[in-house]
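Convention: sequence-line order gives letters A, B, ...; per-chain numbering from 1.
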Number of protein chains: 2
Amino acid sequence: MGISRKDLKQVIVFQNATDDDLNQIIQNSITRSLEEGEFFFLQGDPANYLYVLVNGQVKLLQTNPSGQQVNLRTIYPRQMFGALGAVREQADYPASAQALENSSALAIKSAFLHEMMETRPYLSFDLMKLMTSYIQEMQSRYRELATERVEQRIARALLRLTVQSGQKVDEGIDLAFSRQDLAEMSGTTLYTVSRVLADWERQGLIRAGREQIHITNPHGVVRIAEGLEK
Amino acid sequence: MGISRKDLKQVIVFQNATDDDLNQIIQNSITRSLEEGEFFFLQGDPANYLYVLVNGQVKLLQTNPSGQQVNLRTIYPRQMFGALGAVREQADYPASAQALENSSALAIKSAFLHEMMETRPYLSFDLMKLMTSYIQEMQSRYRELATERVEQRIARALLRLTVQSGQKVDEGIDLAFSRQDLAEMSGTTLYTVSRVLADWERQGLIRAGREQIHITNPHGVVRIAEGLEK
DNA sequence: CGGACGGTTGACACTAGTCAAATTGAGTGG
DNA sequence: CCACTCAATTTGACTAGTGTCAACCGTCCG
C-alpha cells in the first residue's frame with residue numbers, strides 16, 4: 001500500500017536524494033487514494049501538497065470561466081504533479097487534477113519540500129529540469145495550436161499518448177481514450193475528433209472503438225502529425 | 001556600457017546573490033549589442049549562453065517547419081532569456097530571440113551558471129520560481145488559444161502588453177506594436193487583427209495608427225478579454 | 001430489459017483564413 | 001521641402017475548416 005524509499009527514488013526529481021532525505025519525505029507525506037473521476041485538487045485550491053502518483057492515471061486540466069476544459073497533461077505512475085505550488089508559498093493550484101481511473105498518490109507537504117530545497121541544491125535543480133521540459137512542451141503545443149490544423153493536432157495528441165504509454169511503435173498501438181479526451185487534448189470538439197477518426201479508419205490508419213483507439217499504421221499517423229499529408 | 005553589480009542585482013533570479021557571486025557572473029559574461037531585427041540566437045542553436053537584457057526589447061518566437069511564427073513572449077530590460085539552455089547541458093534553444101529595437105544584453109556562459117547552481121540553492125530556487133511563472137502563463141495562454149475566439153485573444157494580448165509595459169491603466173495607454181506582432185501574439189493573422197482593431201476603433205475603444213495603438217477605453221477592452229461582450 | 005453513455009452523422013452556420021488590390025504614412029535622398 | 005519608395009495597413013470577395021445542434025445508433029452494465 002505505502003510507498004517505499006526504493007519507489008520514491010525512481011521519481012526523477014528524487015533520483016539524487018539521499019536515503020535520509022527520502023525517509024524524511026515519506027514521513028512528511030500521506031497517501032491519498034481516489035476513485036475514478038474524483039479530484040486530487042481543484043484549480044484555485046491552496047497548493048498545500050504536491051503529489052507523486054503511485055498507481056493509476058491522472059489528468060491535469062484547466063477550466064475556463066464558462067466551463068470548457070483543456071487537457072494540459074496526463075500523469076503516469078512515478079510522475080510528480082501539483083509541484084508548481086511547492087515553489088511559491090501560499091500559491092494556488094493553476095489547474096485541476098482528476099483521477100482517470102482508481103489512483104493513489106503520495107501527498108507531500110509543499111511547505112516541507114520547500115524547506116528541504118533551501119539546503120539541497122540537487123532538489124531544486126532536478127525539479128527545475130522537470131519544469132524546463134514542461135515549458136518546452138507547453139511552448140511547442142502552443143505553437144501547434146496556433147499554426148496547425150485540427151487533423152494534425154489530433155495526430156500529435158495520439159503520438160504523444162503513444163510515447164507516454166511507453167508502448168512499442170512497431171506493430172500496432174492500443175490507446176484507451178474517449179473522443180472527448182482527445183478533443184480536450186488537441187483543442188477541438190468531440191464531433192470533429194469523431195469525424196477525423198472515422199476518416200482515418202476509412203484510410204486504414206487506425207481502428208476505433210468505444211474509448212479505444214488501435215493505431216494500425218503508426219507511420220501514417222506520423223506523416224499526418226508532421227504535416228506531410230495533404 | 002557594461003553592466004554593474006547593482007544592475008545585476010535587480011534581476012529577479014540574482015536578487016539573493018552575494019556580491020562575490022555577482023562579480024563572478026560578470027567575469028564570465030560578455031556584452032552583446034544587436035541592431036533591430038538581429039537575433040541573439042536561433043531556435044536549434046546550442047544553448048551556450050543565457051542572457052540578461054540590459055536595454056532594448058527582445059521577442060522570443062518559435063517557428064514551425066513551414067515558417068509560420070508564434071510569439072512566445074517579449075523581454076524587457078532586467079529580464080532573463082535563453083535560460084532553458086542553462087539547465088540541461090548540451091541543450092539547444094527551443095526558440096529564437098530577436099531584437100525588436102537596438103538592444104544589448106549580458107551573455108552569461110550557461111556552463112558557468114550551471115556550475116554555480118550546484119552549490120548555491122538560492123540560484124536554482126529563484127530560477128525555478130521564474131520557470132513556474134512561465135509555465136503558468138503558457139498554460140493559461142494555451143487554454144485561451146484552445147477555447148477563446150480571436151477577438152478575445154487579441155484583447156488579452158493588448159492587456160498583457162499593457163501590464164508588461166508598466167503603464168498606468170488609468171487614462172489611455174500607448175503601445176507600439178504592428179498588426180503582425182499582435183497576430184503572432186494572439187495566434188491569428190494580421191488581416192484579422194486589422195479588422196478587429198478597425199472595429200474597436202469604430203466603437204471608440206482605441207485609436208489605431210501605424211505600429212501604434214492607443215487604448216482610450218481600457219475598461220472596454222477588459223470586458224472583451226473577459227468574454228463579457230457579445 | 002432499460003438506461004445511460006459514448007459515438008456517429010447530417011445539416012447548417014459562421015468564424016477566421018486566404019488572396020489580391022488599393023491606400024496610407026513614414027522616412028529618405030535630392 | 002518635395003517627390004519617391006517601401007512597408008504597414010486596409011478592405012473586399014471568397015471559402016475552407018470547424019463548430020454547433022439535433023437526431024440517432026450501439027453497447028455495456030446494472
(request) Specify the separation, in whole Å, of atom CD of B:Gln212 and atom P of C:dG27. (result) 11 Å

(request) Verify whether one side chain among B:Arg78 and B:Gln10 offers a donor that lies under 3.5 Å from an acceptor in the other. (result) no

(request) To the nearest Å, give me how far apart CG (A:Asp181) and P (C:dG7) are. (result) 8 Å

(message) Within the 4.0 Å limit for protein heavy atoms, which parts of nucleotides 18-27 of chain D are touched? Write it as a string from 5' to 3', B for base, S for sugar-phosphate only, - for none.
(response) SSBBB---B-

(request) Respond yes when some side-chain nitrogen or oxygen of A:Arg179 is under 4.0 Å from OP1 or OP2 of C:dG6, and no when none is. (result) no

(request) Could you pull out all residues at least two apart from B:Tyr49 that satisfy ring-ring contact (aromatic ring centres under 6.0 Å, His included)? (result) none

(message) Which heavy atom of B:Leu53 sits nearest to which heavy atom of B:Ser104, and what is that distance?
(response) CD1-O, 3.5 Å

(request) Give the rounded distance in Å between these two atoms: CD of A:Gln152 and C1' of D:dG17. (result) 14 Å

(message) For A:Gly82 versus A:Leu50, what's the shortest heavy-atom pair and its separation?
(response) O-CB, 3.5 Å

(request) Using five base pairs at each end, measure the axis-to-axis angle across the helix from C:dC1-D:dG30 to C:dG30-D:dC1 and round it to 10 degrees. (result) 40°

(request) Could you check how far CG of B:Leu197 sits from P of D:dT9, rounded to whole Å? (result) 9 Å

(message) If I take atom CG in residue A:Leu190 and atom P in nucleotide C:dC5, what distance separates them, rounded to the nearest angstrom?
(response) 15 Å

(message) Between C1' on C:dG7 and CH2 on A:Trp200, what's the gap in Å once rounded to a whole number?
(response) 17 Å

(request) Look up atom CD1 in B:Ile206 and atom NE2 in B:His214, then write down how far apart they are to the nearest 0.5 Å. (result) 10.0 Å

(request) Take atom CD1 of A:Ile206 and atom P of C:dG7, then tell me their distance rounded to the nearest Å. (result) 12 Å

(message) I'd like to know whether the aromatic ring centres of A:Tyr142 and B:Tyr142 sit less than 6.0 Å apart in this structure.
(response) no

(message) Tell me the interatomic distance from B:Gln180, atom CD, to D:dC6, atom P, rounded to whole angstroms.
(response) 20 Å

(request) Ignoring hydrogens and angles, state whether a donor on the side chain of B:Ser110 or B:Asn48 is under 3.5 Å from an acceptor on the partner side chain. (result) no

(message) So which atom in A:Arg179 and which in A:Ala208 form the shortest heavy-atom distance, rounded to 0.1 Å?
(response) NH2-CB, 3.5 Å

(request) Check A:Asn217 against A:Gly204 and note the closest heavy-atom contact, atom names and distance. (result) CB-O, 4.2 Å

(message) Under 4.0 Å, heavy atoms only, any strand: does A:Ala198 hit a base, just the sugar-phosphate, or nothing?
(response) sugar-phosphate

(request) Using only side-chain N and O atoms of B:Ser178, determine if any of them is under 4.0 Å from OP1 or OP2 of D:dA8. (result) no

(request) Output the single nucleotide from D:dT9, D:dT10, C:dT8 whose closest atom is nearest the side chain of B:Glu211. (result) D:dT9

